[in-house]
Amino acid sequence: EYAKTVLLHCELGEHIHPAGFHDWNKASARDTVFYGEYQSSGSKAAAVSTQSRASFCHALDSSQAEHFSREAVLSGSDGWTPSL
């Protein structure tokens, strides 16, 4: 519950289930979790744009994905900037 997971530019191989994520049989968690993907590649990546993904998964556009960049997530008010 209350999980937030975003996959950016990830390789999704055959071992990935077409639904992408599982709610661990906690249907109520669907109201509080956020799972997103942006520019996945690989054999299971095409499922992002189809109905096979779990209903609580989101295909992000570039504007949405910017909020989850390395810099946006890790940079703080102390001036530290993550290096690539």
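Remark: of the listed residues H9, H58, E66, H9 is the sole one forming a side chain to side chain contact (heavy atoms under 4.5 Å, CB included) with Y38.
When the shell of 6.0 Å around CH2 of W24 is examined, it contains 12 or fewer heavy atoms from other residues, nucleotides or ligands.
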(message) Show, in sequence, the C-alpha distance, side-chain angles and deciding distance for V33 and Y2, and conclude whether the side chain to side chain contact (heavy atoms under 4.5 Å, CB included) test is met.
(response) CA-CA 5 Å; V33 299; Y2 300 96; over 6 Å; no

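V73 and L7 sit in two unconnected hydrophobic clusters of ILVMFWY residues. Membership requires side-chain heavy atoms under 4.5 Å apart, directly or through other members.
Here Y35 and F56 bring their ring centres to under 6.0 angstrom of each other.
Using modelled atom types, one side-chain atom of T32 and one backbone atom of A29 make a donor-acceptor pair closer than 3.5 Å.
Pairing each heavy atom of E37 with each of L12, the nearest pair is OE1-CD1, 3.2 Å. Of all heavy-atom pairs spanning A19 and C57, the tightest one is O-SG, 3.9 Å. Of all heavy-atom pairs between A65 and L8, the closest is CB-CD2, 4.0 Å.
Considering CZ of F34 and CZ of F21, their distance stands at 10.0 Å, rounded to 0.5 Å.
Judged as a side-chain hydrogen bond (donor to acceptor under 3.5 Å, both in side chains), and not counting sequence neighbours, Q64 has no contacts. Remark: E11 engages S41 in a side-chain hydrogen bond (donor to acceptor under 3.5 Å, both in side chains) (not counting sequence neighbours).
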